[in-house]
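The structure under discussion appears below in the form of structure tokens.
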There are 2 protein chains.
Amino acid sequence: MPETARSIARRPENRYGNRPTMKDVAARAGVGLKTVSRVVNGEPGVTPDTERRVQEAIDALGFRRNDSARVLRKGRTASIGLVLEDLADPFYGPLSRAVEEVSRAHGSLLINGSSAEDPDREQELALALCARRVDGLVIIPAGDDHRYLEPEIRAGVATVFVDRPAGGIDADVVLSDSFGGARDGVAHLIAHGHRRIGFIGDMPRIHTAAERLRGYRAAMEDAGIPVEATWMSLGVTDPVRVRRAAEEMLSGPDPVTAVFAGNNRVTVTVVRVLAEHARRVALVGFDDFELADLLQPGITVISQDPARMGRTAAERLFQQLDGSLLAPERIELPTRLIARGSGELPPED
Amino acid sequence: MPETARSIARRPENRYGNRPTMKDVAARAGVGLKTVSRVVNGEPGVTPDTERRVQEAIDALGFRRNDSARVLRKGRTASIGLVLEDLADPFYGPLSRAVEEVSRAHGSLLINGSSAEDPDREQELALALCARRVDGLVIIPAGDDHRYLEPEIRAGVATVFVDRPAGGIDADVVLSDSFGGARDGVAHLIAHGHRRIGFIGDMPRIHTAAERLRGYRAAMEDAGIPVEATWMSLGVTDPVRVRRAAEEMLSGPDPVTAVFAGNNRVTVTVVRVLAEHARRVALVGFDDFELADLLQPGITVISQDPARMGRTAAERLFQQLDGSLLAPERIELPTRLIARGSGELPPED
DNA sequence: GTGAAAGCGCTAACAA
DNA sequence: TTGTTAGCGCTTTCAC
């Protein structure tokens, strides 16, 4: 079919910027299309002289291979997706960075997005990434039903969950020992003489929140301490909500003498509330955070290793892509109690 | 062995992602290819009955549109790239998140990567994103020569720089008033009686570091204070280097009585050093950080607004893509001094 | 060593 | 309302 001015003008690339293609390079270098492809991809079977001519044409035209087209042909996109809760949360910075480093080491790009703790948005994002044909997906789940991913996994999308397990499907998951960590933290408070201990955590539908609450209950039960309903508060980690929860526990007829904070967002807000408070209240927080050691007192935490979680998950993902993995596995990373002062304060009534 | 989505994916015929296409859906539904396309894209001109049949075939086959192919045809990828220094740095969390939100509002996905402050890696990453045909690029530059982007920009890739200007090309840039902020911060220390003031900053080739140093010098000059060479230390923000720099300034025959820290990485390390130090030393840091108000004393900072920077840059990017922008512009956002105690300490010899 | 032709999965243009 | 055809820019195959 003859090229008309109209057909040329209608071409999409002429609306958004006209880039040279291999065909253009080939025409300019006076060689065939495939020869250009060989040069661009460093394939053998091109004489140095031809190669030089092609390279000159590439430079002159400012050609850059269109990886979208390449992907379409090759099947693999050399990119993976990361769905997390909030890029701005300091917990996810090191985690993303670790995923990125592993991805880079495998020649992949990382596409990522935040679910904002909204299950619908998580699904929308994950499926958009699948439509882009990412090779794999690392997901920090917001929702608890991931059956929507079943066709994708069946179609070959490698998938690893981090921090919280998948719901409704059998998939790899890398998580911290939330139950054990919380139990240890609360036991630590009990060992320092506390009996009236509060727990402030994230929404109960979030796995880590539920597990940490379970750890709290277990520690209390182990010590034979009956738990009052008013000592537990689960909900969004929004400062306003957490502040109110903390203030309620600290006031009233039978106030708590210690608080266990379910994650770093909660801890930070509780630290603020306690700073305004006359009575000294002990505090242990799940997850470490910068400067925790420099506060007065230093904040005792159950530390987890987000970078290691990210690295482990990403490595597992690429193992899946290598085809070297069989059954989905649950990998639980240990936590560590770091005593800094706030968790060792005695009860004060 | 039970059949799981994973085991199905591992079957030879599925190894390379054997996914159903529109053609498969069309065959199953007994309609033409274009009709499937219409249904998938919600285009009009399909009877409810046909639509239902197509939808059934889609669900039965687990079809998901291949956006790579779509992109190839349409020209726009509906994705933008973000090249930053380190995803794990708390300064970039809110910035990335803001870029992501704007991107999402425009129906785009965000692909991002860290340059690790390495100019070669920045270039490699930016060009890889161009090869993926991202529609636009938000770059926090590590290098100071961006002429490598010239062919890309000419080819229509929208580009906005953040935090530091581009080198060698004329491009939009969104930055904080580093010079003015640093000058204000140092003037604040001078106003509180300090004369021997140290400056610890990032590598001098980084624009913000150079500007902040310039602000420091300007404030000192305005006050008629000659600056000693030993009061200034520029280099990597690695804690070891910063710690040594701080310790040197604080010891010696003529130690500084105040320190201006060039960014949040530096500030945090200086806070640690000062905490171990007997003598009270005043401190002002560029860039705010979480819990700065809860330290003893609270840390006085020059605060900038990373989320606003990200938002501004991303909005500008999409304006470029709308074709509604003319000349590249330099947008400088104001900084704000937040006094919290550390910057108001009097000199102590 | 080199290149022509087919086709990856989709959308645009046009025909029926 | 629906279907057919021709590409998007690249890689694969196979012939020269």
Side-chain angles (χ1 to χ4, degrees), chain A residues 1-4 6-27 29-54 58 61 63-78 130-133 155-156, chain B residues 16-27 29-54 57-58 61-78 130-133 155-156:
Chain A
M1 175 185 161
E3 258 191 359
T4 65
R6 188 154 154 247
S7 74
I8 291 170
R10 271 201 310 255
R11 290 214 290 244
E13 79 274 13
N14 284 349
R15 257 174 303 171
Y16 300 122
N18 186 1
R19 305 194 66 130
T21 69
M22 282 192 182
K23 199 173 151 195
D24 301 325
V25 174
V31 300
L33 178 58
K34 178 62 203 179
T35 301
V36 176
S37 172
R38 286 198 180 93
V39 171
V40 169
N41 295 301
E43 286 167 27
V46 182
T47 57
D49 184 56
T50 313
E51 175 164 0
R52 190 185 42 71
R53 267 166 46 229
V54 170
I58 287 174
L61 294 173
F63 167 81
R64 183 165 315 283
R65 182 181 65 198
N66 184 333
D67 279 354
S68 292
R70 175 169 222 247
V71 149
L72 182 58
R73 194 59 241 234
K74 298 206 77 140
R76 285 249 170 136
T77 58
C130 290
R132 297 295 169 108
R133 294 296 186 265
Chain B
Y16 299 110
N18 184 9
R19 306 193 62 134
T21 70
M22 283 191 181
K23 201 172 148 196
D24 300 326
V25 175
V31 301
L33 177 58
K34 179 62 200 178
T35 300
V36 177
S37 173
R38 287 198 180 93
V39 171
V40 169
N41 295 301
E43 285 167 27
V46 182
T47 55
D49 184 57
T50 314
E51 175 164 358
R52 189 184 43 70
R53 264 165 49 227
V54 171
I58 288 174
L61 295 172
F63 168 81
R64 182 164 315 283
R65 182 181 66 198
N66 183 333
D67 279 354
S68 294
R70 175 168 220 246
V71 149
L72 181 59
R73 192 60 242 236
K74 299 206 77 140
R76 281 230 176 158
T77 58
C130 289
R132 298 293 169 110
R133 293 295 186 268

What does V71(B) touch in the nucleic acid at a heavy-atom separation under 4.0 angstrom: a base, only the sugar-phosphate, or nothing? nothing
Which residues, if any, of residues 37-50 of chain B bring a heavy atom under 4.0 Å of DNA chain C? S37(B), N41(B)
So do P48(A) and E51(A) actually touch side chain to side chain, heavy atoms under 4.5 Å? no
Ignoring backbone atoms, test whether K74(B) places a side-chain nitrogen or oxygen under 4.0 Å from the OP1 or OP2 oxygen of dA12(C). yes
Rounded to the nearest angstrom, tell me the gap between atom CG in D24(B) and atom P in dG7(C). 15 Å
N66(B) vs L72(A) side-chain heavy atoms within contact, under 4.5 Å: yes
Provide, to the nearest angstrom, the distance between the CZ atom belonging to R64(B) and the P atom belonging to dC10(C). 12 Å
Just wondering, do R133(B) and V71(B) contact through their side chains at under 4.5 Å, heavy atoms? no
Decide yes or no, distance alone: a donor-acceptor N/O pair under 3.5 angstrom between the base of dG7(D) and the side-chain of R73(B). yes
Rounding to an integer number of Å, can you tell me how far L33(A) CG sits from dC8(D) P? 12 Å
Of the listed nucleotides (dC10(D), dT12(D), dC10(C)), which one gets closest to any side-chain atom of F63(A)? dC10(D)
Nearest-Å distance, NZ (K23(B)) to P (dC8(C))? 6 Å
Please tell me which of A69(B) and G32(B) maps to the more 5' nucleotide of DNA chain D, matching each residue to the nucleotide holding its nearest heavy atom. G32(B)
Tell me the stems DNA chain D sits in, counting at least three consecutive Watson-Crick or G-U wobble pairs, each under 3.5 Å on both distances. C:1-16 with D:1-16
What's the CG-P distance between N66(B) and dC10(D), to the nearest Å? 17 Å
May I ask you to evaluate whether T35(B) reaches the phosphate of dG3(D), defined as a side-chain N or O under 4.0 Å from OP1 or OP2? yes
Decide side chain to side chain contact (heavy atoms under 4.5 Å, CB included) for R70(A) and N41(A); before the verdict, give the C-alpha distance in whole Å, the side-chain angles of both, and the deciding distance to 0.1 Å. CA-CA 11 Å; R70(A) 175 169 222 247; N41(A) 295 301; 3.3 Å; yes
Given atom CG of L72(A) and atom C1' of dT12(D), what is their separation to the nearest angstrom? 13 Å
